[in-house]
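First comes the structure, then the notes that go with it.
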Amino acid sequence: MRQAETARQTNETNISLALEIDGEGKADIQTDVPFMTHMLDLFTKHGHFNLTVNAKGDTDVDDHHTTEDIGIVLGQMLKEALGDKKGIKRYGSSFVPMDETLAQVVVDLSNRPHLEMRAVFPSQKVGTFDTELVHEFLWKFALEARINLHVIVHYGTNTHHMIEAIFKAMARALDEATTIDPRVKGIPSTKGML
């Protein structure tokens, strides 16, 4: 079973998280950042993962620490659940439309963390959520998962739609990249390791 779970507590947040890569899209997401709860629910469904998150933080300050720390812990658990990466496809990509928006995400489970994000959000907030935190979440997720993550919003006018399309496309790209391909023998790299 490709799965991992952990609990992480700091002076700013308290997070427990369990991830199963080969899941059925079952989500049990409880955070005190409602917009992130919504995005993680979408991520789980479209990636066919099973994900449990219980996250509480200092949202009386703002949503930054909770959002960032969820990204950190989710990235760490993806890396742990992938194990030695034998037999995986390694690369994945997805285009997702959301009404007027088109988002594209491309991933390489390379052990070379990088985030390249090309998205300009028309609004600084979706409800009470600061949209700059999307970059913070994605960067910390990519860094801790040690993946190469490219996010492109080709066009869009509704900020909620743009962010939602990103999370759906990322889930679908990760689903493809983490899939075990019976043609792949060992580690999918000429280096012999990832």
Side-chain angles (χ1 to χ4, degrees), residues 8-17 19 27-47 49 51 53-78 92-108 113-175:
R8 178 183 192 264
Q9 185 168 358
T10 71
N11 291 334
E12 298 165 339
T13 63
N14 188 350
I15 298 171
S16 61
L17 187 148
L19 171 67
D28 181 6
I29 315 292
Q30 308 291 325
T31 83
D32 49 12
V33 182
F35 188 72
M36 277 307 300
T37 300
H38 179 42
M39 292 303 106
L40 292 170
D41 191 46
L42 296 168
F43 172 81
T44 305
K45 188 70 163 178
H46 287 269
F49 309 122
L51 180 64
V53 180
N54 191 312
K56 298 190 182 318
D58 57 356
T59 53
D60 54 319
V61 176
D62 65 12
D63 294 341
H64 184 107
H65 295 140
T66 305
T67 301
E68 176 182 39
D69 287 5
I70 292 170
I72 289 169
V73 176
L74 182 61
Q76 290 171 344
M77 291 307 93
L78 177 63
S93 65
S94 179
F95 283 90
V96 169
M98 179 74 186
D99 295 351
E100 83 299 339
T101 294
L102 181 64
Q104 178 185 13
V105 173
V106 182
V107 298
D108 176 10
H114 182 79
L115 171 65
E116 195 67 38
M117 184 167 172
R118 306 293 171 91
V120 179
F121 301 129
S123 301
Q124 293 182 343
K125 286 189 177 287
V126 174
T128 60
F129 183 81
D130 294 319
T131 55
E132 68 180 9
L133 296 180
V134 174
H135 183 278
E136 196 67 30
F137 174 88
L138 294 173
W139 166 229
K140 294 304 165 39
F141 173 69
L143 181 64
E144 295 296 334
R146 299 196 57 80
I147 64 174
N148 187 337
L149 177 62
H150 288 245
V151 176
I152 305 160
V153 177
H154 291 282
Y155 44 82
T157 56
N158 181 292
T159 301
H160 187 135
H161 292 170
M162 295 165 79
I163 298 170
E164 185 167 328
I166 288 169
F167 273 81
K168 288 177 177 177
M170 181 171 69
R172 290 176 172 271
L174 283 168
D175 180 44

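Any value given below was found using the heavy atoms of this structure, including those in side chains, with hydrogens, waters and symmetry copies removed.
Applying the salt bridge (Lys or Arg N to Asp or Glu O under 4.0 Å) test to Glu100 and every residue at least two apart in sequence or in another chain returns nothing. Scanning for salt bridge (Lys or Arg N to Asp or Glu O under 4.0 Å) contacts around Glu68 gives Lys140, with sequence neighbours left out. With sequence neighbours excluded, the residues that form a side chain to side chain contact (heavy atoms under 4.5 Å, CB included) with Ser93 are Val106, Glu176. Every residue meeting the ring pair (Phe, Tyr, Trp, His ring centres under 6.0 Å) condition with Phe167, not counting sequence neighbours, appears here in chain and number order: Phe137. Ala165 meets the side chain to side chain contact (heavy atoms under 4.5 Å, CB included) test with Val96, Met98, Thr101, Ala103; sequence neighbours excluded. The ring pair (Phe, Tyr, Trp, His ring centres under 6.0 Å) search around His154 returns Phe95, not counting sequence neighbours.
Atom OG1 of Thr131 is separated from atom CE of Met162 by 9.5 Å, given to the nearest 0.5 angstrom. Of the inter-residue distances, the one linking His114 atom NE2 with Leu143 atom CG reads 11.5 Å to the nearest 0.5 angstrom. Note that the CZ atom of Phe49 and the CG atom of Asp175 stand 5.5 Å from one another [nearest 0.5 Å]. From Thr44, atom OG1 reaches atom CG of Leu74 across 8.0 Å, with rounding to the nearest 0.5 Å. In this structure, CG in Leu102 is found 14.0 Å from NE2 in His161, a value given to the nearest 0.5 Å. Atoms CG and CG, from Asn54 and Asp28 in turn, are 8.0 Å apart once rounded to the nearest 0.5 Å.
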Side chains of residues 117-128: which donor-acceptor pairs under 3.5 Å do they make with residues two or more places apart or in other chains?
{"unit_1": "Arg118", "atom_1": "NE", "unit_2": "Glu116", "atom_2": "OE2", "d": "3.3"}
{"unit_1": "Arg118", "atom_1": "NH2", "unit_2": "Glu116", "atom_2": "OE2", "d": "2.9"}
{"unit_1": "Lys125", "atom_1": "NZ", "unit_2": "Asp130", "atom_2": "OD1", "d": "2.5"}

What donor-acceptor contacts under 3.5 angstrom involve side-chain atoms of residues 33-41, with partners at least two apart or in another chain?
{"unit_1": "Thr37", "atom_1": "OG1", "unit_2": "Thr31", "atom_2": "OG1", "d": "2.5"}
{"unit_1": "Thr37", "atom_1": "OG1", "unit_2": "Val33", "atom_2": "O", "d": "3.3"}

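Here the closest heavy-atom approach between residue Leu78 and residue Leu174 is recorded as CD2-CD2, 4.1 Å. What you find for Ala169 and Val105 is that their closest heavy atoms are CB-CG2, 3.7 Å.
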Checklist entry - Could you walk me through whether Leu138 and Met170 pass the side-chain contact (heavy atoms from CB on, under 4.5 Å) check? => result CA-CA 10 Å; Leu138 294 173; Met170 181 171 69; 3.6 Å; yes
Next on the checklist: Using the rule given for side-chain contact (heavy atoms from CB on, under 4.5 Å), can you reason through Asp99 versus Asn158, listing the C-alpha separation, both sets of side-chain angles and the distance that settles it, and then say yes or no?
Outcome noted: CA-CA 9 Å; Asp99 295 351; Asn158 181 292; over 6 Å; no
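Screening residues 152-167 for salt bridge (Lys or Arg N to Asp or Glu O under 4.0 Å) gives Glu164-Lys168 as the qualifying pairs, with residues at least two apart or on separate chains. Every pair tested for salt bridge (Lys or Arg N to Asp or Glu O under 4.0 Å) that includes a residue from residues 56-66 fails, sequence neighbours excluded, so the list is empty.
At a threshold of 4.5 Å between non-hydrogen side-chain atoms, the residues Thr13 and Arg8 count as touching. At least one side-chain heavy atom of Leu115 sits less than 4.5 Å from a side-chain heavy atom of His135.
If you run side-chain contact (heavy atoms from CB on, under 4.5 Å) between Ile163 and each of Val134, Leu133, Leu42, only Val134 comes through.
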